[in-house]
Amino acid sequence: MLLKFFKRTAFAGLVLFLMAGLLVVSCDQPTDSDKDAAQPVINTQPAAATDWDVSVAATLTAVSVTASSPDGGELSYQWYSSETNSATGGAIISGQTNAALTLEKEDYAENKDYYFYVIVTNTNNAATGIQTASKTSNVAKVAVIGNTGTPPEDAEAPVIDEEPEGGDWDIAADATFSIIVTASVTDGGDLSYQWYSNTTDSAADGEEISGQTDDELILAKTTYTVDGEYYFYVIVTNTNNDATGAKTADTTSAVAKVTVTGNAGIPLVNAGQPDISTQPAAASAWDVSVASNFTAVSVTASSPDGGELSYQWYSNSTNSASGGEEISGQTNAVLTLAKTTYTVDSDYYFYVVVTNTNNAATGTKTASKTSTVAKVTVTGNAGIPLVNAGQPDISTQPAAASAWDVSVASAFIAVSVTASSPDGGELSYQWYSNSTNSASGGEEISGQTNAVLTLAKTAYTVDGDYYFYVVVTNTNNAATGTKTASKTSTVAKVTVTGNAGPPPEDAEMPEIETQPYGGAWDVSAEATFSITVSASVTDGGTLSYQWYNHYNTDTSGGTLLSGEASATLILKKEFYTENVSQNFYVEVTNTNNNATTNKTATNTSASATVSVYGNAPASAEPPEIITQPAATSNWDVGATATFTAVSISAVSPDGGQLSYQWYSNSSSSNSGGSEISGQTDATLTLAKADYDTNGSYYFYVVVTNTLYDTSNTTTSNVAEVVIMGNVFVLESRWVGTWEATEYEEDYFYIELSGYAEYEAMPWYPPPQYNEVYMGWSGMIRDIVYFDIGKTEGLIFIECTYTGDALDMFGSGNFTAVYFKDTGSGGIYKMSNAINGMGFQLMYPTLDAAKTAITSTVTSGLSLISFRKTL
């Protein structure tokens with residue numbers, strides 16, 4: 001009892017000592033002599049995307065950030081612009097140092113996406129370490145729209161991004177077949193389409209397909225009733241009414257071949273020929289002095305198969321139903337003749353072609369029939385004078401003289417005429433320019449067909465006097481004689497001033513304001529890639545462009561890119577099927593026809609490099625494992641609750657995406673293991689709760705490289721993790737008295753089960769034995785037996801006391817320690833008897849390799865130990 005009392009008292013003292021020590025430490029913490037400024041907190045990031053219509057608002061302040069300083073420092077801001085959606089590598093925007101970014105219209109003259117981010121800096125001058133700390137915001141995209149730019153001289157030719165593709169068409173399976181074209185322009189024009197069919201593989205001289213004016217051509221089974229090869233192409237037209245020159249431009253697509261099958265065995269059904277039940281009257285008389293119109297000539301017809309009838313009347317100079325002239329607009333069953341057309345008494349001959357159209361027919365869908373001839377004898381014209389169209393009346397002549405300073409106004413519309421028709425006819429206008437003050441012999445001005453003459457500065461770059469007049473024409477289709485009459489205005493002189501100096505001797509060299517910029521092009525995401533150059537001249541010349549491709553960054557000797565003659569080069573995915581870098585440059589030429597010597601001058605841009613990637617290989621390649629998992633690692637779960645030393649380093653040889661799955665195994669093999677749920681990183685993390693048994697565990701990882709729709713794998717080597725540190729719990733229970741005749745003393749024994757760690761001594765497992773080290777504290781009375789059949793490994797039994805060294809307590813004798821092996825029924829005495837002594841304090845010592853224990857005792861006794869071989 002004395003021993004137990006001292007033990008508890010000493011332990012309580014130790015606890016008080018340790019707590020006192022902790023209190024001392026907590027009250028004397030070291031000061032922070034190097035305190036740094038804190039990183040600012042961004043409370044509100046810039047808006048991810050914003051649209052800015054510069055035609056509505058000249059400035060934009062919608063991009064802003066909200067930030068705060070966590071240590072009372074002062075915040076500052078610097079905004080950056082970036083070519084891509086990235087918050088690194090941008091360019092400083094001068095003057096933009098507020099929380100809100102202000103954009104001005106004049107700096108963003110191109111309709112495209114712009115990217116911005118801000119670096120927020122916290123400056124704390126009270127900091128004793130680093131006094132500034134920064135944080136970068138997210139990227140904000142601003143989509144600029146509404147720039148109209150300078151009207152182009154000519155409409156841009158459409159670019160066909162995706163050519164039409166044909167194919168095989170089994171009409172027995174599909175009633176229709178579609179062909180699609182994709183085209184674009186960058187000048188804001190409107191695209192229109194007209195599809196053509198051809199009998200040969202040619203994109204010329206085809207036949208226009210009526211009604212097929214969309215980007216998608218739809219072929220119907222009923223039109224293609226004969227198996228064979230059919231050819232189609234489309235002409236794409238860009239109409240840009242803002243262009244100052246040609247307002248339309250065409251591009252013809254490639255030919256798409258369609259192979260039609262499935263008609264075999266299907267009989268062709270042709271449209272039926274119409275039935276004419278009532279022919280036109282053979283002869284009729286028309287007195288134009290009595291009736292100004294004549295409708296007595298008509299036909300009655302019907303369709304034999306429910307088709308739709310149409311009519312076309314013809315006039316002839318003889319009594320014949322062939323070789324006549326089609327009468328425009330006469331497409332009804334009744335022929336209508338107007339007096340104004342028949343001003344001479346005579347015999348006139350007419351017939352009609354009746355056509356039956358049956359779209360349900362599988363063969364020929366139309367069939368026609370010609371009527372007999374109808375003669376009409378016209379009388380009553382005698383004494384009726386011919387009536388000619390009246391000459392237009394010019395009520396206001398163009399101003400005789402006007403002054404136009406082109407440095408003030410780039411267009412001039414002061415020259416105009418006011419006219420009227422005396423007989424209700426329709427007026428038209430054609431303006432002319434002349435080198436002298438004369439209203440004859442002038443040159444027609446293309447496109448100037450209104451009552452107002454519009455002059456553009458670009459056409460009048462030389463100061464001087466220019467002369468203009470207009471011819472006004474009255475057209476009266478009701479006149480029985482001449483249907484048009486014209487009148488010429490007087491001359492208007494326009495004195496042009498404001499052009500800088502005389503015509504230049506040589507055309508000006510173009511200035512390249514914005515060099516072409518390349519970048520990375522993922523062809524798996526974007527079908528096209530655009531490179532743009534911006535250039536200008538001040539001499540009024542016209543700029544033209546020619547792009548080149550080069551294998552290096554030289555800007556001469558490159559390969560001319562046929563057809564690439566605009567400021568923007570559009571690269572198409574189908575021509576760039578390898579993941580390589582391409583280099584491009586452009587020659588910008590200024591053509592100034594007013595120059596007296598050299599009318600052209602050319603400047604060459606810098607080279608733009610485009611890194612092409614995203615072209616998929618045939619299949620993903622196996623990943624390469626750079627660093628295998630460590631072959632063997634030890635994990636003392638008594639020291640750390642988690643274990644992350646098992647890891648792998650791998651790379652994808654083809655730019656694919658790597659993923660990981662770890663497996664555990666019962667043997668040292670990298671196949672047949674069990675997948676470890678949730679372990680999908682390059683590093684394997686083990687938790688103590690999952691590994692409560694000491695021993696060797698085996699792990700490996702399968703690394704997968706995924707590229708597009710393909711994947712490939714590589715399996716790592718096996719990593720062995722030797723787990724140690726799990727402890728036995730010494731749960732003791734008294735099981736009664738055991739009478740043993742072979743010994744003098746009666747005794748009882750303590751049976752041990754379970755796992756635990758005693759307070760007197762930590763547990764160290766030598767890894768090669770899978771051993772258990774146990775500490776036993778307390779007083780042993782009489783003889784103690786331990787059932788080694790209930791335990792495994794290496795067991796050390798000590799009679800120790802945790803109080804002060806060399807103290808002895810208690811009156812009982814420590815006679816011996818025995819082990820009882822229930823497996824064999826034997827009892828083994830593992831030490832010599834120790835008689836006549838008080839309780840002895842012993843000091844066990846563990847060697848550096850944790851494989852053996854020695855003991856030091858005050859009386860020179862040996863440590864009591866027993867080892868059971870596993």
Side-chain angles (χ1 to χ4, degrees), residues 82-90 112-115 139 141 159-163 165 180 182-184 186 254 514-533 545-564 566-586 604-627 648-660 682 702-715:
S82 183
E83 292 290 336
T84 60
N85 190 2
S86 172
T88 59
K112 68 173 188 178
D113 293 340
Y114 296 82
Y115 300 95
V139 176
K141 180 181 79 171
V159 174
I160 296 182
D161 302 308
E162 293 185 19
E163 296 283 0
E165 293 186 6
I180 298 176
T182 302
S184 61
T186 60
T514 304
Q515 293 286 351
Y517 178 80
W521 176 20
D522 183 357
V523 296
S524 67
E526 301 291 341
T528 61
F529 186 90
S530 298
I531 306 174
T532 301
V533 68
Y545 307 85
Q546 179 57 61
W547 289 88
Y548 294 82
N549 178 217
H550 210 297
Y551 67 91
N552 57 33
T553 57
D554 290 348
T555 55
S556 63
T559 302
L560 184 146
L561 298 176
S562 178
E564 299 298 347
S566 65
T568 298
L569 170 64
I570 299 178
L571 308 179
K572 299 177 184 178
K573 171 181 177 179
E574 56 263 31
F575 299 116
Y576 299 91
T577 57
E578 295 183 12
N579 296 330
V580 295
S581 292
Q582 300 281 332
N583 301 289
F584 303 90
Y585 65 91
V586 61
T604 302
S605 76
S607 179
T609 301
V610 177
S611 298
V612 180
Y613 71 99
N615 285 298
S619 61
E621 297 182 25
E624 298 176 6
I625 296 179
I626 306 302
T627 304
I648 190 172
S649 172
V651 296
S652 169
D654 52 18
Q657 182 71 33
L658 294 184
S659 58
Y660 306 86
V702 175
V703 187
T704 301
N705 178 36
T706 301
L707 186 64
Y708 303 103
D709 296 328
T710 64
S711 62
N712 214 326
T713 62
T714 299
T715 303

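Excluded from the calculations below are hydrogen atoms, water molecules and symmetry mates; all remaining heavy atoms, backbone and side chain alike, are included. Nothing fancy with the numbering, it's 1 onward along the sequence.
When every heavy atom of Phe584 is checked against every heavy atom of Leu561, the shortest pair comes out as CD2-CD1, 4.0 Å. When every heavy atom of Ser524 is checked against every heavy atom of Gly614, the shortest pair comes out as CB-O, 3.5 Å. Across Lys572 and Ile160, no two heavy atoms sit closer than the pair NZ-O, 2.6 Å. The two residues Thr555 and Ser607 make their nearest non-hydrogen contact at CG2-N, 3.8 Å. In terms of heavy-atom proximity, Ala608 sits nearest to Gly518 at CB-N, 3.7 Å. The two residues Thr710 and Ala620 have their closest heavy-atom pair at OG1-N, 2.8 Å.
Atom NZ of Lys112 and atom CD of Glu83 lie 5.0 Å apart (nearest 0.5 Å). Annotation: the span from Glu162 atom CD to Ile180 atom CD1 amounts to 9.0 Å, rounded to 0.5 Å.
A donor-acceptor distance shorter than 3.5 angstrom exists from the side chain of Asn549 to the backbone of Asn583, with no hydrogens or angles considered. Checking side-chain atoms of Asp554 against main-chain N and O of Ser556 turns up no donor-acceptor pair under 3.5 Å. Between the side chain of Asn712 and the backbone N or O of Asn705, no donor-acceptor pair lies under 3.5 Å. The main-chain N or O of Pro623 is found under 3.5 Å from a side-chain atom of Thr714 such that the two form a donor-acceptor pair. Side-chain N or O atoms of Glu621 include none that pairs as donor or acceptor with a backbone N or O of Pro653 at under 3.5 Å. Between the side chain of Glu564 and the backbone N or O of Trp547, no donor-acceptor pair lies under 3.5 Å. Using a distance-only test at 3.5 Å, with no hydrogens or angles considered, a donor-acceptor pair links the side chain of Ser605 to the main chain of Val586.
For the residue pair Ser86 / Thr84, no side-chain donor-acceptor distance below 3.5 Å is found, with atom types taken as modelled. Side chain to side chain, Ser184 and Asp161 meet the donor-acceptor criterion of an N or O pair below 3.5 Å. Remark: the Thr568 side chain and the Thr532 side chain contain an N/O donor-acceptor pair separated by less than 3.5 Å.
Among residues two or more places apart in sequence or in another chain, the ring-ring contact (aromatic ring centres under 6.0 Å, His included) test is passed with Tyr115 by none. Take Ser649 and apply the side-chain hydrogen bond (donor to acceptor under 3.5 Å, both in side chains) test, not counting sequence neighbours, and it matches no residue. With sequence neighbours excluded, the residues forming a ring-ring contact (aromatic ring centres under 6.0 Å, His included) with Tyr548 are Tyr585, listed by chain and number.
With contacts defined as side-chain heavy-atom distances shorter than 4.5 Å, the pair Lys141/Asn85 does not qualify. Counting only heavy atoms from C-beta outward, the side chains of Trp521 and Tyr576 approach each other to under 4.5 Å.
Within a 6.0 Å sphere centred on CD of Glu165, heavy atoms belonging to other residues, nucleotides or ligands number 12 at most.
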